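Notes for the one structure printed next.
As the structure is a computational prediction, the values presented were derived from the model and not from experiment.
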Amino acid sequence: GCLLEFLVTTSILPNLEPYILYPAEKRIRTLPKALQGRMPSRAYLWGTSVAFEPSPPNQEELAAHELRLVGLTMAKLCTTARFQPMFLPRHMADICAALHQSFHSFQTVIGDEQQQQLFWKLPSMDDEWELQFLNQLGFSSSLVVSKTNSRILDPIFSIKAYQSLLSFGSKNAPYWLRCQVSRQLASVARTDLDAILYVFVHVADSLPGADRTAAATRLAYTLTRPSSTTNSGSSDDRNLYYNSILSQLADSLDNY
């Protein structure tokens, strides 16, 4: 557990834009009791302190590679049967943040068309597990197609992680992140609308000061915005999307 926290504070947090996850200084105040005192607090701050040293011209590209590698490595460990109950609830948001920042960097910051494809064509990408995991999170590409559609994790974990990413920075979170998360939620909603309703409406309703109607309204707005539902924006794709949402909603009402 301490090593995972150290990995997050040295290889993920220093490479993220502000307001995506809590900074290391705030994170170490919320360490689980089982981890407190096992490693000096200053060790968790080391990554942030060296991040501001002079960096090479291709720092953003190097950071994108590091985030992708660390995110998928942590995901492999945290989704195993032995460690999933202990580590996945705490680190799923870290994993999603790393992958989203990496994806954004390869697609927009680096800019070159060949570089944009590197998110999907790194050496480790021959692992079928990684393709399945990325597809389940809502990432997709015409460059690569997973051979199987088996689920690696309960969608509740990824949905809660996306909820966390939307709440960490609130309105200060980068606009590209909010757009990406909205698209990913829309992708998940095609097949797992009940899970999204559970996390964003039913679970949220149990929180202090929660308003189920307001939560449902915000979720409906997110899932029905044209810019959030599809990447292509074609009318056929939108119709397929809305049909899948409405059919699941009808089934939910029948089972209510």
Side-chain angles (χ1 to χ4, degrees), residues 1-16 20-22 24 26-41 43-47 65-103 119-120 122-140 144 146-165 167-168 181 184-185 187-188 191-192 194-196 198-200 202-203 206:
C2 290
L3 289 177
L4 284 175
E5 289 294 334
F6 184 71
L7 189 60
V8 170
T9 57
T10 56
S11 291
I12 293 182
L13 297 185
N15 291 320
L16 297 179
I20 294 180
L21 293 176
Y22 292 136
K26 187 172 183 178
R27 185 185 181 95
I28 61 176
R29 299 178 197 150
T30 61
L31 287 176
K33 290 184 178 180
L35 301 183
Q36 294 177 7
R38 291 179 176 269
M39 184 179 288
S41 298
Y44 296 117
L45 304 177
W46 175 79
H65 281 275
E66 183 176 2
L67 285 169
R68 185 186 176 285
L69 177 60
V70 171
L72 289 174
T73 301
M74 288 183 59
K76 280 188 175 181
L77 175 67
C78 292
T79 54
T80 59
R82 178 181 179 183
F83 294 118
Q84 183 174 127
M86 293 182 289
F87 297 141
L88 195 59
R90 178 169 177 81
H91 291 295
M92 191 64 203
D94 302 327
I95 293 168
C96 288
L99 294 175
H100 274 285
Q101 180 74 71
S102 176
F103 184 79
F119 183 82
W120 297 99
L122 293 177
S124 61
M125 223 34 225
D126 59 354
D127 189 332
E128 179 65 18
W129 184 94
E130 295 182 356
L131 290 179
Q132 293 178 43
F133 183 76
L134 290 171
N135 286 337
Q136 191 173 343
L137 290 185
F139 293 98
S140 61
V144 289
S146 176
K147 298 176 183 178
T148 61
N149 293 319
S150 60
R151 289 190 172 185
I152 293 174
L153 74 162
D154 189 318
I156 291 292
F157 285 112
S158 57
I159 295 169
K160 284 185 176 180
Y162 289 144
Q163 183 188 46
S164 297
L165 292 181
S167 62
F168 274 130
V181 169
Q184 307 302 57
L185 286 173
S187 176
V188 174
T191 55
D192 293 298
D194 278 345
I196 292 180
Y198 174 76
V199 172
F200 278 84
H202 296 290
V203 173
S206 65

Side-chain heavy atoms of Leu13 within contact of Val8, under 4.5 Å: yes

ring-ring contact (aromatic ring centres under 6.0 Å, His included) partners for Phe6, two or more places apart: none

Interatomic spacing from CG in Leu99 to CE in Met74 - rounded to 0.5 Å: 10.0 Å

Ile95 side chain reached by Phe157 side chain, heavy atoms, under 4.5 Å: no

Exercise: identify the closest heavy-atom pair between Ser102 and Leu67: CB-CB, 4.0 Å

Closest approach of Thr10 to Pro14 (non-hydrogen atoms, all atoms of both residues): O-CG, 3.6 Å

Minimum heavy-atom distance Ser11-Val70, with the two atoms named: CB-CG2, 3.7 Å

Reported OH-to-CG distance for the pair Tyr162 and Leu137, which is rounded to 0.5 angstrom: 4.5 Å

Thr73 side chain reached by Leu77 side chain, heavy atoms, under 4.5 Å: no

From Gln184 atom CD to Phe103 atom CZ, the distance as rounded to the nearest 0.5 Å: 7.5 Å

Where Gln136 and Val188 come nearest, the two heavy atoms and their spacing: O-CG2, 4.3 Å

Side chain Ser164, main chain Lys160, donor-acceptor under 3.5 Å: yes

Residues in salt bridge (Lys or Arg N to Asp or Glu O under 4.0 Å) contact with Arg90, at least two apart in sequence or another chain: Glu5

Verdict with supporting geometry, Leu21 and Gln101, side chain to side chain contact (heavy atoms under 4.5 Å, CB included): CA-CA 11 Å; Leu21 293 176; Gln101 180 74 71; over 6 Å; no

Separation between CD1 of Ile28 and OG1 of Thr9, rounded to the nearest 0.5 Å: 9.0 Å

Closest contact, heavy atoms only, Leu4 versus Cys78: CD1-SG, 4.1 Å

Heavy-atom pair with the smallest gap, counting every atom of Thr79 and Gln84: O-NE2, 3.3 Å

Gln132 side chain to Ile152 backbone, donor-acceptor under 3.5 Å: no

Approximate separation, where rounding is to 0.5 Å, of Asp192 CG and Leu185 CG: 11.5 Å

Side chain proximity check, Asp94 to Leu7, heavy atoms < 4.5 angstrom: no

Point-to-point distance, once rounded to the nearest 0.5 Å, from CD1 of Ile156 to CG of Asp194: 9.5 Å

